[in-house]
There are 2 protein chains.
Amino acid sequence: MKKKTIDINTHERILTSAKKIFYLKGLDGARMQEIADEANINKAMLHYYFRNKEALFDAVFAEATGNILPQVSELLNAEMPLLEKISYFTDKYITILSENPLIPAFIIKEMNNNPERFFKIFNEKIRLKPAVFIKQIKSAVRNGIIKPVDPLQLFLNMISLCIFPFLARPMIMNVFGMNDDDFRKFLNKRKKEIPVFIINSIKI
Amino acid sequence: MKKKTIDINTHERILTSAKKIFYLKGLDGARMQEIADEANINKAMLHYYFRNKEALFDAVFAEATGNILPQVSELLNAEMPLLEKISYFTDKYITILSENPLIPAFIIKEMNNNPERFFKIFNEKIRLKPAVFIKQIKSAVRNGIIKPVDPLQLFLNMISLCIFPFLARPMIMNVFGMNDDDFRKFLNKRKKEIPVFIINSIKI
DNA sequence: GTCTATATTCCGATAGAC
DNA sequence: GTCTATCGGAATATAGAC
């Protein structure tokens, strides 16, 4: 088995390590040495596979957004009645986030740190389009299925309620004295309670 | 007018500039040079007034948390019936955040970057205590004023709905094509809609 | 492809004159 | 208190042997 056969694995290992470090510390806080250590390779290899730190970061960022946002779009555009969709979305969305618990804070951080770079990538490749879902809410209001609400506000309510726990996780665990398992249970409970909370509010 | 008379102003000017830079870029992303430029002074002065970068950051951090969190505690512990308090809290909280729109992202960023440092300061000095409010919710459930809900979940719903727009502001403005004025109007509308949304959900 | 050694850049911090 | 000049360390990046 020649060393050359390792390259794809190395490439993958670097990306995996880079994700871990960048997600936790951000572009500015991450150290190339730390990423190399985490991947059990030499620092020079990072530059061999990815030109420089920024290129490595872009790869990580592309994976973070390119992985999650299409899934969210798909949930939003699923064809089903609104009330059913709210439950469906909440449940699936929190599940997705639970599998990628560090990504929300990562996105928020990088978006606020450097909006230009963020939206350059975001608007080119990814593009989140809630237009269909917004229309569905409008239609439900018009047809008397739900109370008259501002569709944008309702949409943001859904998103806020799902994402916030992942952003504030350390604070929540600290203030309410939770350990990892407590927090996991808390999320599972929340998965069920959010749709009840929303639907109770808007149903007629 | 001697130069010596300027020192308090300089101290203040440094803090103001440091806040601006640290809020936007975080501890890691901020440059001492940038803070000095912003304050129109020399880099060496930063070290004269504040020992080093960390000390300057600590001062900024202390102001950020020490300014906002006590106000929030006060809102939470205000003496009034629950439903009224929900409206009161939402309105005042969003007003406070509007005056300090960068602080939420700053807190989330630093808390996730370095939880140890964060909670060392947080637990010593500030301490957020929602216990009284949680009890009030429990009591309202017991007395049949609101539907049976998990107090912790309801509390986090309130917080999530208020804070999230400030965290996701660039994204919201981008996706929905808002300018600064649009966003300001959006927040004012939200201030009124959040309590309606919550109370509709839990009232009997 | 992988490594060691080294170059280069950047940035926080200090020395010392005024 | 304020400035200029500079040091010293750290981190990114590259050269070059294997």
Side-chain angles (χ1 to χ4, degrees), chain A residues 1-62 106 109-110 113-114 116-117 121, chain B residues 1-62 106 109-110 113-114 116-117 121:
Chain A
M1 183 151 14
K2 289 176 192 172
K3 288 187 176 181
K4 286 200 174 186
T5 59
I6 306 181
D7 56 359
I8 296 182
N9 292 321
T10 305
H11 190 275
E12 268 317 299
R13 268 221 320 287
I14 291 175
L15 257 185
T16 304
S17 306
K19 268 196 282 188
K20 194 183 289 188
I21 306 294
F22 277 132
Y23 285 176
L24 281 172
K25 313 207 170 178
L27 174 58
D28 296 322
R31 296 292 150 236
M32 294 295 265
Q33 185 62 59
E34 214 179 344
I35 295 172
D37 292 348
E38 178 79 29
N40 278 313
I41 51 152
N42 193 277
K43 215 174 34 163
M45 295 298 291
L46 299 180
H47 290 85
Y48 178 80
Y49 281 93
F50 302 84
R51 233 180 34 266
N52 51 31
K53 188 182 181 183
E54 196 133 320
L56 178 53
F57 177 82
D58 285 348
V60 168
F61 183 82
F106 173 69
K109 175 175 7 182
E110 300 303 333
N113 259 8
N114 195 334
E116 301 79 36
R117 180 182 48 223
I121 306 179
Chain B
M1 183 150 18
K2 289 178 191 169
K3 288 187 176 181
K4 285 201 173 185
T5 59
I6 307 180
D7 56 359
I8 295 182
N9 293 320
T10 305
H11 189 275
E12 267 317 297
R13 269 219 322 287
I14 291 175
L15 256 185
T16 304
S17 307
K19 267 196 282 186
K20 195 184 287 187
I21 306 295
F22 277 133
Y23 284 177
L24 281 171
K25 314 208 169 176
L27 173 59
D28 296 322
R31 296 292 150 241
M32 294 296 266
Q33 185 62 59
E34 214 179 345
I35 295 172
D37 292 348
E38 179 78 28
N40 278 312
I41 51 152
N42 193 276
K43 211 173 42 162
M45 294 299 289
L46 299 180
H47 290 86
Y48 178 80
Y49 282 92
F50 300 85
R51 234 179 32 265
N52 52 30
K53 190 181 181 183
E54 260 214 27
L56 179 52
F57 177 83
D58 285 348
V60 168
F61 183 83
F106 173 69
K109 177 178 1 184
E110 300 303 332
N113 259 8
N114 195 333
E116 300 79 34
R117 180 183 46 223
I121 305 178

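What's counted below: heavy atoms across the whole structure, side chains too, no hydrogens, waters or symmetry copies. The chains referred to below are lettered A, B, ... by the order of the sequence lines, with proteins before strands, and numbering in each begins at 1.
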Once you round it to whole Å, what is the distance between [atom2] of [N] and [atom1] of [X]?
{"X": "A:Glu54", "N": "D:dA11", "atom1": "CD", "atom2": "P", "value": "18 Å"}
{"X": "B:Lys53", "N": "C:dT14", "atom1": "NZ", "atom2": "P", "value": "15 Å"}
{"X": "B:Leu46", "N": "D:dG1", "atom1": "CG", "atom2": "C1'", "value": "13 Å"}
{"X": "A:Lys43", "N": "C:dT6", "atom1": "NZ", "atom2": "C1'", "value": "10 Å"}
{"X": "A:Asn52", "N": "C:dT8", "atom1": "CG", "atom2": "C1'", "value": "15 Å"}
{"X": "B:His11", "N": "D:dT2", "atom1": "NE2", "atom2": "P", "value": "12 Å"}
{"X": "B:Leu27", "N": "C:dG12", "atom1": "CG", "atom2": "C1'", "value": "12 Å"}
{"X": "B:Phe50", "N": "C:dA13", "atom1": "CZ", "atom2": "P", "value": "13 Å"}

Below 4.0 Å: OP1/OP2 of [N] and any side-chain N or O of [X]:
{"X": "A:Thr10", "N": "C:dG1", "value": "no"}
{"X": "A:Tyr49", "N": "C:dT2", "value": "yes"}
{"X": "B:His47", "N": "C:dA13", "value": "yes"}

### Candidate nucleotides C:dT2, D:dT2, D:dA15, ranked by approach to the side chain of B:Met45 - the nearest
D:dT2
### Query
A:Tyr48 side chain: which of C:dT4, C:dT2, D:dC3 is closest?
C:dT2
### Query
Do any of residues 30-40 of chain A sit with a heavy atom less than 4.0 Å from DNA chain C, and if so which?
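Of all residues in residues 30-40 of chain A, none places a heavy atom under 4.0 Å from DNA chain C.
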Can you confirm whether [X] sits close enough to [Y] that some side-chain heavy atom of one is under 4.5 Å from a side-chain heavy atom of the other?
{"X": "B:Asp58", "Y": "B:Phe50", "answer": "no"}
{"X": "B:Val60", "Y": "B:Tyr23", "answer": "yes"}
{"X": "B:Met45", "Y": "B:Arg13", "answer": "no"}
{"X": "A:Arg31", "Y": "A:Lys25", "answer": "no"}

### Task
Indicate, with a heavy-atom threshold strictly under 4.0 Å, whether B:Asn42 touches base, sugar-phosphate, or nothing.
base
### Message
Using only atom types and a distance under 3.5 Å, with no angle test, would you say the side chain of A:Lys109 pairs donor to acceptor with the backbone of A:Leu27?
### Response
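Between the backbone of A:Leu27 and the side chain of A:Lys109 there is no qualifying donor-acceptor contact (under 3.5 Å).
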### Query
Using 30° and 60° as the class limits, which term best fits the ring planes of A:Phe57 and A:Phe22: parallel, tilted or perpendicular?
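Answer is perpendicular, since the angle exceeds 60°.
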### Task
Return yes if a side-chain donor-acceptor contact under 3.5 Å exists between A:Gln33 and A:Asp37, otherwise no.
yes
